Amino acid sequence: MVRIIPMVSSSIRPSSYLTCSSFMFCNTCAPSRRFAYLATDFIVIILKARALFPCLICALIFNGDAAVPQSHFFGLKASSKIWRGESRTIATGNMAQASTAATQESLLEWVKKDKRRMLHVVYRVGDLDRTIKFYTECLGMKLLRKRDIPEERYTNAFLGYGPEDSHFVIELTYNYGVDSYDIGAGFGHFGIAVEDVAKTVELIKAKGGKVNREPGPVKGGSTVIAFIEDPDGYKFELLERGPTPEPLCQVMLRVGDLDRSINFYEKAFGMKLLRKRDNPEYKYTIAMMGYGSEDKNCVLELTYNYGVTEYDKGNAYAQIAIGTDDVYRTAEAVEIFGGKVTREPGPLPGINTKITACLDPDGWKTVFVDNIDFLKELE
């Protein structure tokens, strides 16, 4: 979708108001909305002054640098804070808060209705053919497509357990001449559901694969799991499950503040918190986030290790891609709910697929892709 290189407010609409006339405040300057804190006798003085200067109050509030001081008109020493700053600041602040709240509510509703799906995960490998062989022979994936971009000096390969228009897949990136990368400490693992973990592990061993954890029940549970590594050092958790439409079922990332991340992914990404589990014995907590149940969809597994707020992300893992009906509104939601847009929404040069890229509060990257444009790419 996007080349992966090896290294690395809402506006406030002005209030409209009626033209002032003698002995009447305009809508903007109505005493009940702007000057309720002034003494009654002070207001009486203002009302009398209005007979001579109908628009004086508006001029003072919206033009704080008026040439004639208020005290010259009213025969008193009016507070410059009241007339020149505070009322305008209070009014603008209230309007901004109301506008932001309305925008957030509108975006929350839209994000919930947006048709979103996790499309693929992108990461870099040092030998594309070697990795393709391992994934197809040991993990049972299929090579869905491959594309070479010689002018940009990189090649992509897409692998998975079903078509890209209905399954979560892996997008491998090989950059010419780069044979190794730093995975870092922030990336965790990918999850693959298999019907027989022990049998899969034996196959991987026979093909020369590395097994980090032998098959057995997960600590504190009954699900049989095992951990293996691919030739580039990426870890895969094998989970024993019955038949599933989405064998490539997890992407695990470590975060520094789990509640902050849950809040962000719920609001900005429209994901649901599927479950949360704390393991005080081993000092970590996990949260499973996604667009559907774990047994039928790929989910994001966020892990918080007690007391660790930052991680080295290395330069191997790149991003997740998610489909959306509107990249422009998606970018707006990301920014207003605490993320950072790193690629403004719009079409990519040459292929015209609309995307936007962003970072979550921990700096993990996600690319949102227009749903219709994505399907056109697959034709």
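Remember, predicted model here, so these are calculated numbers, not experimental data.
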Side chain to side chain donor-acceptor pair (under 3.5 Å) between Tyr176 and Asp148, worked out: CA-CA 10 Å; Tyr176 291 9; Asp148 185 40; 2.7 Å; yes

Ile225 vs Leu238, side-chain contact (heavy atoms from CB on, under 4.5 Å): CA-CA, chis, key distance, verdict: CA-CA 5 Å; Ile225 67 167; Leu238 306 179; over 6 Å; no

Audit row: Asn156, Thr173, side chain to side chain donor-acceptor pair (under 3.5 Å) steps and yes/no: CA-CA 5 Å; Asn156 290 135; Thr173 297; 3.0 Å; yes

Thr285/Asp278 under side chain to side chain donor-acceptor pair (under 3.5 Å): CA gap, chis, key distance, verdict: CA-CA 4 Å; Thr285 308; Asp278 185 37; 2.6 Å; yes

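Each of Tyr174, Phe190, Tyr181 was scored for a ring pair (Phe, Tyr, Trp, His ring centres under 6.0 Å) with Tyr123, with one residue passing: Phe190. Applying salt bridge (charged side-chain N to carboxylate O under 4.0 Å, His left out) to Asp362 and the options Arg254, Arg260, Lys340, Lys313 leaves one that passes, Arg260.
The distance from atom CD of Glu229 to atom NZ of Lys210, rounded to the nearest 0.5 Å, is 4.0 Å. The distance from atom CG of Asn279 to atom NZ of Lys219, rounded to the nearest 0.5 Å, is 9.0 Å. The distance from atom CD1 of Ile262 to atom NZ of Lys267, rounded to the nearest 0.5 Å, is 12.5 Å. The structure places CG of Leu144 at 13.0 Å from NZ of Lys146, a figure rounded to the nearest 0.5 Å. To the nearest 0.5 angstrom, Ile355 atom CD1 is 11.0 Å from Asp370 atom CG. Atom CG of Leu119 sits about 11.0 Å away from atom OG1 of Thr366, to the nearest 0.5 Å.
For the residue pair Thr324 and Thr330, a side-chain donor N or O sits within less than 3.5 Å of a side-chain acceptor on the partner. Side-chain contact, Asp360 with Ser261: no donor N or O sits under 3.5 Å from an acceptor N or O. In this model, no donor atom of one side chain and acceptor atom of the other lie less than 3.5 Å apart for Tyr291 and Asn297. One side chain, Thr353 or Glu377, offers a donor N or O that lies under 3.5 Å from an acceptor on the other. A donor-acceptor pair shorter than 3.5 Å can be found between the side chains of Asp325 and Asn371.
In this structure the side chain of Asp326 never reaches within 4.5 angstrom of the side chain of Asp114, judged on heavy atoms. Considering only heavy atoms from C-beta on, Leu248 comes within 4.5 Å of Ile170 through its side chain. The closest side-chain heavy-atom distance from Met252 to Thr303 is below 4.5 Å. Side-chain contact between Arg213 and Glu237 is absent, with no heavy atoms from C-beta onward closer than 4.5 Å. Between Leu273 and Met288 there is no side-chain heavy-atom pair separated by less than 4.5 Å.
Within the cation-pi definition used here (under 6.0 Å to the ring centroid, within 45° of the axis), Arg145 qualifies as a partner of Phe158.
Note: Tyr135 and Phe236 meet the aromatic proximity criterion, with ring centroids under 6.0 Å apart.
Between Asp182 and Asp312, the shortest heavy-atom contact is OD2-OD2, 3.7 Å. Taking every heavy atom of both residues into account, Ala287 and Leu258 meet most closely at CB-CD1, 3.9 Å. Counting all heavy atoms, side chain and backbone alike, Ala226 lies closest to Val197 at CB-CG1, 3.5 Å. Summarising the geometry of Ile132 relative to Ala157, their closest heavy-atom pair is CD1-CB, 3.8 Å, with the distance given to 0.1 Å.
Cluster membership for Tyr328 and Phe368, using ILVMFWY side-chain heavy atoms within less than 4.5 angstrom, is not shared.
Take His189 and apply the ring-ring contact (aromatic ring centres under 6.0 Å, His included) test, not counting sequence neighbours, and it matches Phe227. For Phe264, the ring-ring contact (aromatic ring centres under 6.0 Å, His included) partners are Phe269, not counting sequence neighbours. For Phe134, there are no ring-ring contact (aromatic ring centres under 6.0 Å, His included) partners, not counting sequence neighbours. Residues passing the ring-ring contact (aromatic ring centres under 6.0 Å, His included) test with Tyr306: none are found, sequence neighbours excluded.
Around atom CD of Glu137, more than 12 heavy atoms belonging to other residues, nucleotides or ligands sit under 6.0 Å away.
When hydrophobic residues (I, L, V, M, F, W, Y) are linked wherever their side-chain heavy atoms come within less than 4.5 Å, the members clustered with Tyr311 are Val308. Through side-chain heavy atoms spaced under 4.5 Å, either directly or across other Ile, Leu, Val, Met, Phe, Trp or Tyr residues, Ile372 is tied to no other residue.
Contact check on Glu214 versus Lys205 returns a salt bridge, with a Lys/Arg side-chain nitrogen under 4.0 Å from an Asp/Glu carboxylate oxygen. Residues Asp259 and Lys276 are paired through a salt bridge, judged by an N-O separation under 4.0 Å between the basic side chain and the carboxylate. Taking the charged nitrogens against the carboxylate oxygens, Arg130 and Asp232 do have a contact shorter than 4.0 Å, which makes a salt bridge. A salt bridge is absent between Glu246 and Arg241: the closest approach of a Lys/Arg side-chain nitrogen to an acidic carboxylate oxygen does not fall below 4.0 angstrom.
Looking only at distances, no side-chain donor or acceptor of Thr136 sits under 3.5 Å from a matching main-chain atom of Met141.
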